[in-house]
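Below you'll find the structure, written out as structure tokens, and then a few comments.
Just so it is clear, the values below take in all heavy atoms, side chains as well, and ignore hydrogens, waters and symmetry mates.
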Amino acid sequence: MPTARRPRQARAIETRRRVYEAAIAEFERSGVEAARIEDIVAAAGVSWGTFFTYFPSKDDVVLEAAIVTCAAFADACRTGLAAGSGTGVIIGNAFTALRRAAPAPGPLRDAIMRGIANQPERLSDHLGEDVPNPVLALAEVLEAGQRRGDVDAGEPAESLAAVLVHATIAAGQREAAMERAAGATERSGLPLTVLTIKLLLRGMRPDAAAEAGDARERALDRTAAALREAAAPGTAPRTD
């Protein structure tokens, strides 16, 4: 499927900008599915053919709108890696940056999130070489975690990143839908999204780390049992 064309001449760039802005305004007003091309081209003052020259489909406009969101996510990943932050901290900051850079809650935001999760190849075409899609940006974070030993190295980092991106975006959309149904005017602290990230990161821990944690818990249990035994009335001191 063809992707959106980026012109180089100033006049064509201006025309494409008008088409894009008219489409975004219509999407925010009517929703992506209900938006009509005839209304978009009328607002932009162009023909149908001009719209399809620059954006072969409405999805291409949505993916174009995702560029700012994906750039914020990638920047947060790079910043965290450069600072040597922990895997969980980087991931939390990256998804926070993605949420803040996205449009206000509504049909356009939902469409952007679906595009990021469900159309990675077409999204990459729009992002170009300067901005990696979120899966690739997150894969670098998880690869660093694998080298440190806090992420299981038995699975490809890109596969783990794909699962994390899909699940977290789905959780965010589910939570937004729940809040809209409840009549909320603002998003909460995203407990469902945070829980999703926590659970997935817990499952990505290396076996050695999990075993070490289990060993520590068993040692504490033995210590607690020994203290209880020692405190029991009439208990003779142990000699083993």
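- Both Trp48 and Val19 belong to a common hydrophobic cluster when Ile, Leu, Val, Met, Phe, Trp and Tyr are linked at side-chain heavy-atom distances under 4.5 angstrom.
- A salt bridge does not link Arg11 with Glu14: every distance from a Lys NZ or Arg NE/NH1/NH2 to an Asp or Glu carboxylate oxygen is 4.0 Å or more.
- Surrounding CZ of Arg174 are at most 12 heavy atoms belonging to other residues, nucleotides or ligands under 6.0 Å away.
- Remark: Thr96 engages no residue in a side-chain hydrogen bond (donor to acceptor under 3.5 Å, both in side chains) (not counting sequence neighbours).
- Between Leu81 atom CG and Arg78 atom CZ the span is 10.0 Å, to the nearest 0.5 Å.
- Between Leu123 and Pro134 the shortest side-chain heavy-atom distance falls below 4.5 Å.
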Using the side-chain contact (heavy atoms from CB on, under 4.5 Å) rule, take Ile116 and Cys70 through it: C-alpha gap first, then chi angles, then the decisive distance, then the call. CA-CA 8 Å; Ile116 292 173; Cys70 292; 3.9 Å; yes

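- Annotation: the span from Tyr54 atom OH to Arg18 atom CZ amounts to 9.0 Å, rounded to 0.5 Å.
- Put simply, the side chain of His126 never gets that close to the backbone of Leu63: no donor and acceptor are under 3.5 Å apart.
- Looking only at distances, no side-chain donor or acceptor of Arg100 sits under 3.5 Å from a matching main-chain atom of Ala72.
- Across every non-hydrogen atom of Ser47 and Val41, the tightest pair is O-CG1, 3.6 Å.
- Nearest heavy atom pair, residue Ala157 against residue Ala139, reads CB-O, 3.6 Å.
- Residue-environment remark: CD (Glu38) exceeds the threshold of 12 foreign heavy atoms within 6.0 Å.
- A donor-acceptor distance shorter than 3.5 angstrom exists from the side chain of Gln146 to the backbone of Glu155, with no hydrogens or angles considered.
- Note that CZ of Arg205 and CG of Leu200 are 13.0 Å apart. Values are rounded to the nearest 0.5 Å.
- For the atom pair CD of Glu33 and NZ of Lys58, the computed distance is 6.0 Å after rounding to the nearest 0.5 Å.
- Linking Ile, Leu, Val, Met, Phe, Trp and Tyr whenever their side-chain heavy atoms come within less than 4.5 Å leaves Leu136 and Ile112 in two separate clusters.
- Nearest heavy atoms, Ile90 versus Ser85: CD1-O, 3.5 Å.
- The distance from the CZ atom of Arg17 to the OG1 atom of Thr15 is 9.5 Å, given to the nearest 0.5 Å.
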Audit row: Arg99, Arg109, side-chain contact (heavy atoms from CB on, under 4.5 Å) steps and yes/no: CA-CA 9 Å; Arg99 178 172 62 93; Arg109 183 191 190 118; 2.9 Å; yes

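- You'll find the side chain of Glu158 reaches within 4.5 Å of the side chain of Val135, heavy atoms only.
- Considering only residues two or more places apart in sequence or on other chains, Asn118 meets the side-chain hydrogen bond (donor to acceptor under 3.5 Å, both in side chains) condition with none of them.
- Partners of Gln119 by side-chain hydrogen bond (donor to acceptor under 3.5 Å, both in side chains), not counting sequence neighbours, listed by chain and number: Arg122.
- Of the possible polar contacts, none joining the Thr50 side chain to the Val46 backbone as a donor-acceptor pair under 3.5 Å is found.
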Arg148 vs Thr87, side chain to side chain donor-acceptor pair (under 3.5 Å): CA-CA, chis, key distance, verdict: CA-CA 10 Å; Arg148 283 195 303 270; Thr87 303; 2.6 Å; yes

Criterion side-chain contact (heavy atoms from CB on, under 4.5 Å) on Ile40 and Phe27, from CA distance to verdict: CA-CA 9 Å; Ile40 295 172; Phe27 291 172; 4.0 Å; yes

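- In this structure, Val61 and Tyr20 approach most closely via the heavy-atom pair O-CE1, 3.8 Å.
- Checking side-chain atoms of Asp60 against main-chain N and O of Ser57 turns up a donor-acceptor pair under 3.5 Å.
- In this structure, Glu175 contributes its side chain and Leu192 its backbone to a donor-acceptor pair below 3.5 Å.
- Scanning all heavy atoms of the two residues, the minimum distance from Ile91 to Leu201 falls at CD1-CD2, 3.6 Å.
- Across every non-hydrogen atom of Ala94 and Cys77, the tightest pair is CB-SG, 3.8 Å.
- A salt bridge links Glu64 and Arg16; the closest N-O separation between the charged side-chain nitrogens and carboxylate oxygens is under 4.0 Å.
- Of the possible polar contacts, one joining the Gln173 side chain to the Asp110 backbone as a donor-acceptor pair under 3.5 Å is found.
- To the nearest 0.5 Å, atoms OG1 (Thr193) and NZ (Lys198) are separated by 12.0 Å.
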Could you please spell out the steps behind the side-chain contact (heavy atoms from CB on, under 4.5 Å) verdict for Asn133 and Phe73? CA-CA 9 Å; Asn133 73 48; Phe73 186 92; over 6 Å; no

